[in-house]
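This report refers to the structure that appears directly beneath it.
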Amino acid sequence: MSDRDSLDRNSLEPDFVLVNPDEPDVNPHVWKETEGGRKGYYTGEPRKKKVHRRVVHSGGQAEMPKENAPEGTNASDVSDMPAMSASSRGSAPQGSSSPYVTKRFLVLALIITVVISTALGAVVGSLMGGRGGSYSNLTSDSSLSEATGSKLTVQEIYKKNADAVVEITTEVQTKSVFGNSVSQGAGSGVIVNKKGYIATNYHVIDGAKKISVRLRNGKSKSASVVGYDESNDIAVLKISGSGYTAAKIGKSSNVQVGDLAVAIGNPLGQLGGTTTAGIISALDRQLTLDDKKLTLLQTDTAINPGNSGGGLFNGRGELIGIVVAKGSGTGIEGLGFAIPIDTAAPIIDDIIDNGTVVEKPAAGITVVNVTEDNKDEFKVDKTGVYIYQVYGNHAKKAGLKAGDRIVKVDGKKVSTNTQVVQQVQTHKVGDTLSITIERNGKQKTVKFKLEKASQFEDQENQLKQEQQQQEQQGQ
């Protein structure tokens with residue numbers, strides 16, 4: 001390969017940046033609006049923005065000590081029911097007691113069977129549908145018909161959610177040696193409640209003195225901040241009025257790589273209602289953005305500055321993510337990221353109910369992933385998620401130890417630290433958590449109450465410092 005054909009590998013490393021950083025997304029000297037913002041023209045190059053280079057973390061939070069690692073599938077049985085058939089070369093004489101079944105009777109029996117099966121299926125389906133996660137303030141949809149219905153076209157997804165996605169503009173007052181100045185920012189939001197509650201990113205409204213929301217019909221409304229969770233980059237706004245179109249909440253846990261993904265937002269802060277489509281590229285991507293470690297959905301759907309806080313929808317038009325970041329850099333394309341709705345929805349619900357996020361639950365343990373690539377290093381026979389450290393009082397009393405392999409949480413199989421954390425976050429402080437661990441080849445289930453995450457901040461900070469010291473010594 002010639003020098004002309006070769007590429008500098010460093011130039012291909014992506015810079016992961018928030019889609020709407022602190023400074024305004026849109027340079028007012030770049031785009032000029034005419035005819036009420038429906039058209040515009042380009043007037044120059046956008047100003048250069050400060051780019052934060054971030055590193056993708058795909059592994060666990062820490063390396064497990066080798067001395068703590070333990071040593072050491074079930075198959076399902078399948079049984080086939082033989083099919084029975086009967087045939088007759090002639091029909092039985094009338095009035096005789098024939099051992100054969102007439103065609104008319106057979107057809108009638110089949111019809112009755114189909115009717116009964118359909119009725120039972122509807123009953124079972126409704127019962128199962130009621131077991132799905134729901135939130136008191138959000139429009140969730142766990143009905144069987146919606147869950148198994150045919151997928152919508154991109155056009156149908158847009159029509160279903162266009163009124164639920166709004167444009168957000170902010171005014172941020174800054175001080176400098178030259179005095180006070182006001183800068184403008186832009187972003188997107190999703191109406192999640194008919195009473196005018198809007199979900200967006202915290203970084204969209206961070207430091208804003210004034211927030212305005214523009215609806216699809218062109219009307220603008222002043223918005224107030226109900227509450228926010230800075231660590232998860234989620235905020236909730238409120239506008240006056242009611243009867244708004246709210247997005248239906250889906251289940252990001254049901255999303256698979258290759259599924260249709262549609263983003264609706266306000267790119268450049270001037271092009272509200274822009275719809276782009278792609279696929280889900282990856283699940284459980286761990287990125288660090290502005291010192292926040294987030295687990296995100298990855299998509300190749302086109303994402304641009306101003307899309308922050310907008311919606312990412314699945315093939316049924318359900319909200320599965322809140323757009324938060326994109327990959328930026330020379331030669332980098334098609335790297336967009338969204339906060340999974342399974343993470344965002346309970347936070348949004350708490351904010352609407354309480355004006356802030358309820359104290360987060362914690363199990364009082366640190367976990368680490370063991371993969372095929374490093375299981376020999378840890379001297380274990382199985383991959384999975386292992387306990388690295390136990391510092392919670394309730395977890396200690398339950399008998400958990402470093403080196404235990406976590407098999408299930410609340411009866412659900414887990415294989416990564418992300419799955420463990422996500423399951424814990426579905427609870428509240430004081431709830432009972434069930435964990436099935438494997439130790440020395442034997443499984444054991446323990447139950448204990450979750451504690452407040454805030455009381456473990458010192459232990460977590462100390463652990464981070466130890467990790468940094470280990471990394472520096474290794475270099």
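Computation of the quantities below employed the complete heavy-atom set of this structure, encompassing side-chain atoms and omitting hydrogens, waters and symmetry-equivalent molecules. Remember, it's a predicted structure, so these values are computed and weren't measured experimentally.
With hydrogens and angles disregarded, a donor-acceptor distance shorter than 3.5 Å links the side chain of Asn307 to the backbone of Asn304. Between the side chain of Thr245 and the backbone N or O of Asp163 there is no donor-acceptor pair closer than 3.5 Å. Looking at Thr371, its side chain never comes within 3.5 Å of a backbone N or O of Thr383 through a donor-acceptor pair.
Note that OG1 of Thr295 is 11.5 Å distant from CG of Leu283, once rounded to the nearest 0.5 Å. The distance from the CD1 atom of Ile157 to the CD1 atom of Ile264 is 8.0 Å, given to the nearest 0.5 Å. Going from atom NZ of Lys408 over to atom OG1 of Thr445 covers 7.5 Å, rounded to the nearest 0.5 Å. Between the CG atom of Asp300 and the CG atom of Leu335 there is a distance of 9.0 Å, given to the nearest 0.5 Å.
The cationic group of Lys238 lies under 6.0 Å from the six-membered ring centre of Tyr197 and within 45° of the ring axis, placing it in a cation-pi geometry.
With a 4.5 Å cut-off on side-chain heavy atoms, Gln419 and Gln423 do not count as touching. Looking at heavy atoms from C-beta onward, Val380 lies in side-chain contact with Tyr386 at the 4.5 angstrom threshold. Two residues are said to be in side-chain contact when any heavy atoms from C-beta on lie closer than 4.5 Å; Leu237 and Val225 meet this criterion.
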Worked verdict on Leu296 versus Ile339 for side-chain contact (heavy atoms from CB on, under 4.5 Å)
CA-CA 5 Å; Leu296 308 171; Ile339 302 171; 3.9 Å; yes
Applying side-chain contact (heavy atoms from CB on, under 4.5 Å) to Gln286 and Asn417, what does each step give before you reach the verdict?
CA-CA 11 Å; Gln286 292 187 352; Asn417 58 351; 4.0 Å; yes
Carefully, step by step, assess Tyr244 and Ile239 under the rule side-chain contact (heavy atoms from CB on, under 4.5 Å).
CA-CA 10 Å; Tyr244 297 103; Ile239 56 177; 3.8 Å; yes
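With 3.5 Å as the limit, one finds no donor-acceptor pair spanning the side chains of Thr343 and Gln425. A donor and an acceptor atom, one from each side chain of Thr418 and Asp284, are nowhere located under 3.5 Å apart. Remark: the Asn314 side chain and the Asp259 side chain contain no N/O donor-acceptor pair separated by less than 3.5 Å.
In this structure, Val262 and Ala277 approach most closely via the heavy-atom pair CG2-CB, 4.2 Å.
No option in Asp353, Ile351, Ile348, Val192 other than Asp353 meets the side-chain contact (heavy atoms from CB on, under 4.5 Å) test with Asn137.
Within a 6.0 Å sphere centred on NZ of Lys195, other residues, nucleotides and ligands contribute 12 heavy atoms or fewer.
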